[in-house]
Amino acid sequence: MKRHAKIKTHVHAHSHKRQTLSALANRLRRQSRKITGPRAAILEILRKHPHPLTNKEILAAMPEGLCDLATIYRAMHLLQELGMVKRFDFGDGTARFELVDEGSDGHHHHLVCTGCAKVVEIEECFSHELQKRVEAENGFRGVTHKLEFFGLCPGCQRRK
């Protein structure tokens, strides 16, 4: 297994930030789905935020009275089913969502601060060869992986 001197990280800068709301709406329409007011607002919120958001965070960012939390839950379920968002669980029992670029599976990892919840994306991933070896050595098929790291960011370390 290769050793790397430093893992490449960056605060979320996915290319989906460059997708326009119009392009996202077209993705919905191509899958025979309507672009409702709440769906458009959700997509715009996710497009502009630099980290995965909870349903409650999405609701808080919504224009007042546009929809309720149940509508957001239904919309996020649909968007996940359509492959437009990816769900993340950072171990606290709360689902978080972020946009996935068209044609991508959205696979990446995160480093999450346990103090302030800052999220840093980890660009580096396990090699395909390691995944295949794990699969072969254990008789499994279709092996994938999810990995999240947790710790205190430099800012929280200074405050403690």
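A 4.5 Å side-chain heavy-atom check between Phe88 and Pro52 finds at least one atom pair inside the cut-off. With contacts defined as side-chain heavy-atom distances shorter than 4.5 Å, the pair Lys34/Leu28 does not qualify. In this structure, the side chains of Met84 and Arg27 come closer than 4.5 Å at one or more pairs of heavy atoms. Side chains of Lys56 and Leu69 form a contact here, defined as non-hydrogen atoms less than 4.5 Å apart. Contact annotation: the side chain of Glu98 never approaches that of His49 to less than 4.5 Å [non-hydrogen atoms, C-beta and beyond]. A heavy-atom distance below 4.5 Å is not found between the side chains of Gln131 and Val134. Annotation: side chain of Ile42 is in contact with side chain of Met62 (closest heavy-atom distance under 4.5 Å). The shortest side-chain heavy-atom distance between Pro38 and Ile72 does not fall under the 4.5 Å cut-off.
The two atoms that bring Asn55 and Tyr73 nearest to each other are ND2-CE2, 3.0 Å, heavy atoms only. For the residue pair Cys113 and Cys153, the shortest heavy atom distance occurs at SG-N, 3.3 Å. Across all non-hydrogen atoms, the minimal contact from Asp68 to Leu59 is C-CD1, 4.2 Å. For the pair Gly142 and Glu135, the tightest heavy-atom approach, listed with the atom from each and the gap, is N-OE2, 2.8 Å. Closest approach of Leu111 to Phe150, counting heavy atoms only: CD1-N, 4.2 Å. Here the closest heavy-atom approach between residue Glu57 and residue Thr54 is recorded as OE1-N, 2.8 Å.
The CZ atom of Arg158 sits 11.5 Å away from atom CG of Leu152, with the distance rounded to the nearest 0.5 Å. If you take CD on Gln31 and CG on Asn26, they are separated by 11.5 Å, rounding to the nearest 0.5 Å. In this structure, Ile35 CD1 and Ser22 OG are separated by 9.5 Å, a value rounded to the nearest 0.5 Å. Considering OG1 of Thr71 and CG of Leu66, their distance stands at 8.5 Å, rounded to 0.5 Å.
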_Could you walk me through whether Arg39 and Arg33 satisfy the side chain to side chain contact (heavy atoms under 4.5 Å, CB included) test, starting with their C-alpha distance in whole Å, then the side-chain angles of each, then the deciding distance to 0.1 Å, before giving a yes or no?_
CA-CA 10 Å; Arg39 288 178 190 166; Arg33 304 298 176 155; 4.1 Å; yes
Output side-chain donor-acceptor pairs under 3.5 Å for residues 75-83, partner residues at least two apart or in another chain, one line each.
none

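Applying the side chain to side chain donor-acceptor pair (under 3.5 Å) test to Glu44 and every residue at least two apart in sequence or in another chain returns Arg47, Lys48.
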